[in-house]
Every structure is written in structure tokens, then in C-alpha cells.
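A short write-up of the structure that comes next.
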Amino acid sequence: MFGKLLSCIISFIFTCLISSITIAQPDFTSYYCDNSRGNYTISNTYQNNLNTTLFLLPISGNGNGFYTYNSNLGNETIYSVALCRGDVDQDLCRTCVDDSISKLQQICPNQKSAIGYYDRCMLKYSNSTAILRSNDIEFYVFLFNRANASDPERFNGNLTTLINTLISDASSGGDLRKFASGNRTIPDGNITIFALVQCTPDLSNTQCRDCLNGAFLSYTMSYGGRVGGRAYLPMCNFRYENYTFFNGSTLVVPTPPILQPSLPNPPPPPPGINSILFLYSRSI
Ligand SMILES: *[C@@H]1O[C@H](CO)[C@@H](O)[C@H](O)[C@H]1NC(C)=O
Ligand SMILES: *[C@@H]1O[C@H](CO)[C@@H](O)[C@H](O)[C@H]1NC(C)=O
Ligand SMILES: *[C@@H]1O[C@H](CO)[C@@H](O)[C@H](O)[C@H]1NC(C)=O
Ligand SMILES: *[C@@H]1O[C@H](CO)[C@@H](O)[C@H](O)[C@H]1NC(C)=O
Ligand SMILES: *[C@@H]1O[C@H](CO)[C@@H](O)[C@H](O)[C@H]1NC(C)=O
Ligand SMILES: *[C@@H]1O[C@H](CO)[C@@H](O)[C@H](O)[C@H]1NC(C)=O
Ligand SMILES: *[C@@H]1O[C@H](CO)[C@@H](O)[C@H](O)[C@H]1NC(C)=O
Ligand SMILES: *[C@@H]1O[C@H](CO)[C@@H](O)[C@H](O)[C@H]1NC(C)=O
Ligand SMILES: *[C@@H]1O[C@H](CO)[C@@H](O)[C@H](O)[C@H]1NC(C)=O
Ligand SMILES: *[C@@H]1O[C@H](CO)[C@@H](O)[C@H](O)[C@H]1NC(C)=O
């Protein structure tokens, strides 16, 4: 079953994108329409309730780029969550969340559960509480740069040091914000690594740490030593590059790289994480 799903994901990259998306151009970095939780037909109660839920989601922000809204309108509760990257300012965040809301409904018109990842924000909704405060993974994505560092082992050692520091910082954040970004210059290597890590702030400190540790470990097992990479999970994410890409002390935000699909090379699931339905990875 997993193999079949995976091959659909492979073909999704190359063909489904062209054949099935006619309503709107999906510029999500990646998304997933979850058929396992059931479809609904257009204009039934669920869709009305979903529309209402997602209409109210953007005005439920916590002021720190985290939005969550649950509606209990019919006989079923709908849960929705959006999270902006921690360095993104409020206006861009709101725009990103608004875009996600309309895009995800267009792309997944018949699903009760869906998730979409942009570089600047993530949106998920479901009729299941599994999307809240949980390490249940339905869909995650690794992106990696094709280029390897000149000394991959040293690069990865220094990256690990940086990421571990950021994971500590982010996971000890409060329930408003769990985000950390920073850089590390490799001694005598003339290379600076920039990275950020983030969890949805509704996770406990331990859940956040487990999610990021698991994702990073799993990522490095397959893509350690690459000069850049990202992991998007429903409740945590990280990204690193050998150039500045986030708003911090150095305000340089380069244009996003062109994403080039390559054959997925699925790494093992992150440890400590419950169920994996889908994953794929590709190079950038
Ligand atoms: C979500 O919807 C599916 C399909 O309609 C249903 O089987 C499932 O019981 C629902 N889950 C909850 C928690 O209501
Ligand atoms: C939902 O719809 C999709 C595509 O239309 C289909 O492949 C899938 O089997 C359906 N899932 C359920 C639970 O009916
Ligand atoms: C729900 O929202 C979508 C997208 O905004 C819209 O196309 C659709 O007509 C709405 N459906 C209902 C029942 O309001
Ligand atoms: C909610 O009600 C609708 C229609 O009355 C029904 O199809 C659906 O299965 C119900 N959902 C749940 C979770 O009970
Ligand atoms: C970065 O900060 C600048 C200055 O505050 C702001 O204009 C810009 O929109 C920010 N970029 C992002 C991605 O938030
Ligand atoms: C980077 O290293 C990996 C693993 O050793 C290798 O498979 C890949 O081809 C390398 N990439 C380039 C662009 O050389
Ligand atoms: C960081 O890079 C330096 C210089 O290349 C290397 O000597 C050192 O071992 C690296 N640190 C780690 C933790 O790998
Ligand atoms: C480090 O790299 C930059 C840009 O490639 C270069 O301008 C600089 O001279 C280098 N510094 C050293 C010490 O090699
Ligand atoms: C990042 O790494 C790539 C691949 O090694 C290299 O071409 C590029 O110049 C590096 N960028 C910086 C800012 O060092
Ligand atoms: C790296 O981070 C430090 C703070 O830890 C900051 O002062 C410095 O400007 C950053 N370097 C770059 C190149 O962004």
C-alpha cells in the first residue's frame, strides 16, 4: 500500500500537477489532500462548515503568527490551524494565510482533511483532533539542495551544533511562539550556515523537541552534508542554507530557489513519531 501511495506521489510531481489542477495554479511548496478521512460532496454541510471555519481562522491569530479555530456547527467539529514562519511580519503572514485558505480548498475540494505548505506559512484542517497538539504525521516533505558541502562531515557537524542550539531555544519557547533562528560560521572554513527551526506553539516543549530532533535526524541520515535543506511537518519545520534567507540581524531575503523535482529517496520515518502516511523529498 505504501509503495502504491509513494508512486502516486512520484507521478503527482510530474503529471498530476498538470492534469488535475485546472482551477488554480497551486504554488504551495507541497500539499496533501487526505482521502483517508473521507470525502464530502460539494455544498453539503461539511463544506459550509469548513467555509465558516476558515473564514474565522484568520481573525483568531495569537499575534505571533499562530492561528487556530475549531467550529462545532453541525454534528461534527472542524479543526483548523495556520502557522507562519517566525520571522515573517504580520501583514505578509496574514496574506500567506489568506492565500492558503483559498488555494487549499480549491486544490482539495472533496477532502475533509488537507495540509498545504508554503515557504512562509502552513495551513491544515481536519475533522480530527489529531492535527492539534499531536505528533501525528500525515504528510511531510524534505527538500534538499543538490550541492554537497566541500567537506560534508564538517559541514554536517557544525550544522548539527547549530540546529541543536536552535531546537533547545525553540522548544523552550512559551505557548505563543516556538521559533529560533541563527547562524554559525564554520571555523576556518569561510562558510556560514543559517538556520531556523519552529514548532506550532501548542506543542509541549517535549513534543516540539521530539518533532524537530526526529525530523533533523531523519533528514541528515539521507541528506547530511547538503548545503541547504528543509523539512516541513504538520507541527514542526526547519530550514538551513549557506546564505541568509530569514529576517534577522541581516535582512537579506533572497528569491526562493526554483524547485526541481527529482526521484524521491524516502528516508526512514522520524523516530518518536506515530503514523506516517505520506512523504516525499526532492532536491532544490
Ligand atoms: C471524519 O470524517 C470521516 C469521514 O466522514 C468519518 O469516518 C470520521 O469518523 C470523522 N471523524 C470524526 C472524529 O468525526
Ligand atoms: C475520495 O476521493 C478520491 C478521489 O476522488 C478517491 O480516490 C478516494 O478513494 C475517495 N476516498 C474515500 C474514502 O471515499
Ligand atoms: C466555500 O468557499 C469556496 C472558496 O472560497 C467557494 O468556492 C464555495 O462556493 C464556498 N461554498 C459555500 C457552500 O459557501
Ligand atoms: C453528520 O450528519 C451528516 C448528515 O446528517 C452525516 O452524513 C454524517 O455522517 C454525520 N457525521 C457524523 C460524524 O456523525
Ligand atoms: C523583513 O523585514 C522587513 C523590515 O521590517 C519587512 O519589510 C519585510 O517584509 C520582512 N520580510 C518578511 C519575509 O517578513
Ligand atoms: C552529494 O552527495 C550525495 C551522497 O554522497 C551524492 O549522491 C550526490 O550525487 C552528491 N551531489 C552532487 C551534486 O554531487
Ligand atoms: C566545524 O568545522 C570545523 C572546521 O572545519 C571542524 O574542525 C569541526 O570539527 C566542526 N565541528 C563539528 C562539531 O563537527
Ligand atoms: C570568504 O569568501 C568570501 C566570498 O566568497 C570572500 O570574499 C572572502 O575573501 C573569503 N575569506 C577568506 C578568509 O577566505
Ligand atoms: C553555497 O554552496 C554552493 C554549493 O557549494 C556554492 O556554490 C555557493 O557559492 C555557496 N554560497 C555561499 C554564499 O557560500
Ligand atoms: C549571526 O548571528 C549573530 C547573533 O547570534 C548576529 O550578530 C550576526 O549578525 C549574524 N550574522 C549574520 C551574517 O547574519
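This is a predicted model, so every value here is computed, not measured. Every number for a ligand or one of its atoms is a count from 1 in the order of the listing.
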Nearest protein heavy atom with distance in Å, relative to [atom]:
| atom | answer |
| --- | --- |
| atom 11 (N) of ligand 7 | Asn158 ND2, 3.1 Å |
| atom 4 (C) of ligand 7 | Pro187 O, 3.1 Å |
| atom 5 (O) of ligand 7 | Arg154 CD, 3.0 Å |

| query | Within 45° of the six-membered ring axis of Phe142 and under 6.0 Å from that ring's centre, is NZ or CZ of Arg230 located there? | reply |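 Judged by the rule, Arg230 and Phe142 form no cation-pi pair.
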
Is Lys103 close enough and on-axis enough to Tyr31, meaning under 6.0 Å and within 45°, for cation-pi?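 So Lys103 doesn't make the cation-pi contact.
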
Would you say Asn127 has any N or O atom under 3.5 Å from an N or O of ligand 1, going by distance alone?
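Yes, at least one N or O pair falls under 3.5 Å.
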
Do any nitrogen or oxygen atoms of Thr244 lie less than 3.5 angstrom from nitrogen or oxygen atoms of ligand 10?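 It does not: no N or O of Thr244 is found under 3.5 Å from an N or O of ligand 10.
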
Parallel, tilted or perpendicular: rings of Phe216 and Tyr219 (30°, 60°):
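Ring orientation, 0 to 90° scale: parallel.
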
So Phe144 and Tyr223, would you call those rings parallel, tilted or perpendicular, with 30° and 60° as cut-offs?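 Parallel: the ring planes of Phe144 and Tyr223 meet at under 30°.
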
Glu76 heavy atoms within 4.0 Å reach ligand 1 at atoms 1 (C), 2 (O), 10 (C), 14 (O)

Would Cys121 and Cys96 count as a disulfide pair, i.e. SG atoms separated by less than 2.5 Å?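 Correct, these two cysteines form a disulfide.
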
- Query: Can we say the SG-SG distance for Cys199 and Cys211 is below 2.5 Å?
  - Reply: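 Looking at Cys211 and Cys199, their sulfur gamma atoms do not lie closer than 2.5 Å, so the answer is no.
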
Is there a polar contact, in the sense of an N or O pair closer than 3.5 Å, between Glu153 and ligand 7?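 There is no such contact.
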
Closest to atom 14 (O) of ligand 7 (heavy atoms only, candidates Ser150, Ala149, Gly157) is Gly157

